[in-house]
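Scroll down for the structure; my scribbles are underneath it.
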Protein chains: 2
Amino acid sequence: MPDKVSPRLREEIARAIDDLGYVPNPAARTLASSRTNVIGVIIPSVTNNVFAAVLLGIYTALESTDYDIQLANSRYSALREESLLKVFLGQKPAGLIVTGIDQSEKSRELLEKAACPIVQIMEIDDNPVDLMVGFSHYEAACVATRHLIEQGYRGLGFIGARMDPRSQRRLRGFHDTASGAGLFSENRVITTTAASSVTLGAQLFAELMDRAPDLDAVFCNNDDLALGVMFEAQRRRIPVPGRLGICGFNDLEMMATAEPPITSVRTYRYEMGRHAVNMLVEAIEGTGGDGAVVDIGFEIRKRRSTSLGSPGL
Amino acid sequence: MPDKVSPRLREEIARAIDDLGYVPNPAARTLASSRTNVIGVIIPSVTNNVFAAVLLGIYTALESTDYDIQLANSRYSALREESLLKVFLGQKPAGLIVTGIDQSEKSRELLEKAACPIVQIMEIDDNPVDLMVGFSHYEAACVATRHLIEQGYRGLGFIGARMDPRSQRRLRGFHDTASGAGLFSENRVITTTAASSVTLGAQLFAELMDRAPDLDAVFCNNDDLALGVMFEAQRRRIPVPGRLGICGFNDLEMMATAEPPITSVRTYRYEMGRHAVNMLVEAIEGTGGDGAVVDIGFEIRKRRSTSLGSPGL
DNA sequence: TTGTATGCGTTATCAC
DNA sequence: GTGATAACGCATACAA
């Protein structure tokens, strides 16, 4: 579409289009060109604030393009993801954004032979289907656990819900780091596959505390659980951070305002969404090399909830 | 599609379809039939938990149908909603779900003359474009305010963020009820158009408390703000509910687990989403009468954060 | 009932 | 370049 038309003529055309009430028919367009401007997005949950933020990044980045997005949520089921993938690929999408690196074998196959660029988000490893943007949940958990140890906590515990692949990698990071310092005890780990919530955090903490009185710090799978732990600690008059250290994951906005403010691992959800779209569009339009893996990183936000050893926090 | 085929034959057909790798082409289908199976959804925000829950209801209800959903967020802008509406209507959608009743004049016009069923969600009034499912934010605020009065609070205040039309109606409900009891003071009301957050709740409460020391109860526009108020009260060693009553709005899951548990107005977000889809599909398929307005109600959840007069709570 | 031709609105191709 | 025309893949109306 060369812009060699005079502004004058251009306007006239626009007016004519408007007068005739012409509206392009997308169905006819994609049928004729056998090309769509649809980018498929599969996330595990729409209500989880983490993925909602990713989604916001995706929508925002897409606004300056003329791609449409087709959203689906897999509800943390690899099987459901697989069937969604089939439907999506049937539409011959311009690109695909999928969550994580734990697709089913069949899904992986479908993705490998897909005709469009694919970007996996939220995690990174050295075996991408195509594009990838995320961070290492394992490393993030290691850093958080190390922080607890450095603060002087010795009875390290872990509370986890949902236990999707990313949660499991966080647990591994916790395990390896705590073990390395000779501070790991299976007895101080409690997990469930139930959906995460503040209430669940309180319940799991209550259970864990009763079972393991030597517990003096918990690394929570996510911020909802951490908040629940804090509420339950307050109910039981357990001083935080004096008697109990609490560390969350994701650093939702409320963590900084809680009383006491809660330490958490900052992750860049919005940015991952934006980045994923940018990479994808570049790949679709052939302006960027493919096979790229970008590590978007994370950052531990140290706050009062873990300031046992450094009251200055 | 009469099911007069033998299961035997049916399976054979399915196998043949699978063998040939046949995948229906939706573009060709909509082009030929000049009908789409797309339902457009416009919500103000994807990250706001309230709308995320609505969305979950929508996606869930849609799973048993063969409609697709086209999602867009207006970012609380009537102007943006208008342009989204134009794009959506250009696609000749099978139906449309829009948020609220405060569309721009032009949007209203577009909706009125749209060829498909429309459902407005989140609110109700007696002037629907077509279908409607929601509840009265005004009434809900009245009930919440009355509760504070019944508990014995006299220095009633209001904290509001975003101040979209629904928030404004809640403020009106608060105003009218408090005024009716001779307990309204403009000095105890603080609002901002900034986006709501826990941090903002804490800030607004700090400001309000400094300005109006006679404040002894706050009705918050939403639960994030209420949680922020609670944290700030704890920081300032203000006893809740003894010296300060707190009431939120929406009853997010965390409200029941907070310490103290926070009173809130339960709203049925998920159900509104489901109901909207069901009404829409019925209207599209002509199996239901149109023009229906369904009041999905709300319920005040009384908890310790407002138990000044009834310690038994 | 079963089969066949025409049209949906665009893109893309091929003559010109 | 410019303008006519053949696909694109399915639905549908009509003929058999």
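Here is the naming used below: chain letters follow the sequence lines, and residue numbers restart at 1 for every chain. Bear in mind that the values here come from a model prediction, so they are computed numbers and not experimental data.
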Between atom [atom1] in [X] and atom [atom2] in [N], what is the gap in whole Å?
X: B:N25; N: D:dA7; atom1: CG; atom2: P; answer: 17 Å
X: A:L31; N: D:dC8; atom1: CG; atom2: C1'; answer: 4 Å
X: B:K92; N: C:dC8; atom1: NZ; atom2: P; answer: 15 Å
X: B:Q91; N: C:dT10; atom1: CD; atom2: C1'; answer: 15 Å

Close side-chain approach of B:E299 and B:D251, heavy atoms under 4.5 Å: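 No. Closest side-chain heavy atoms not under 4.5 Å.
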Side chains of B:I97 and B:V277, heavy atoms from C-beta outward: is any pair under 4.5 Å?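 In contact.
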On a heavy-atom basis, which atom in B:R108 and which in B:N127 lie closest, and how many Å separate them?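 Closest approach of B:R108 to B:N127: NH2-O, 3.0 Å.
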Is there any protein nitrogen or oxygen under 3.5 Å from a nitrogen or oxygen in nucleotides 11-13 of chain D, and what are the pairs?
{"unit_1": "D:dA11", "atom_1": "OP1", "unit_2": "B:R29", "atom_2": "NH1", "d": "3.0"}
{"unit_1": "D:dT12", "atom_1": "OP1", "unit_2": "B:R35", "atom_2": "NH2", "d": "3.0"}

Measure the acute angle between the ring planes of A:F249 and A:F135, then classify it against the limits of 30° and 60° as parallel, tilted or perpendicular.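 The arrangement is parallel - the two ring planes meet at less than 30°.
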Looking at every strand, decide which applies to B:P24 at a 4.0 Å heavy-atom threshold: base, sugar-phosphate, or nothing.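 Here B:P24 touches the backbone only, sparing every base.
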Decide whether A:S107 and A:E81 meet the rule of one side-chain donor and one side-chain acceptor closer than 3.5 Å.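 No.
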Verify the distance criterion only: is there a donor paired with an acceptor across the side chains of B:N221 and B:R170 at less than 3.5 Å?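 On atom types as modelled, these side chains qualify, holding a pair under 3.5 Å.
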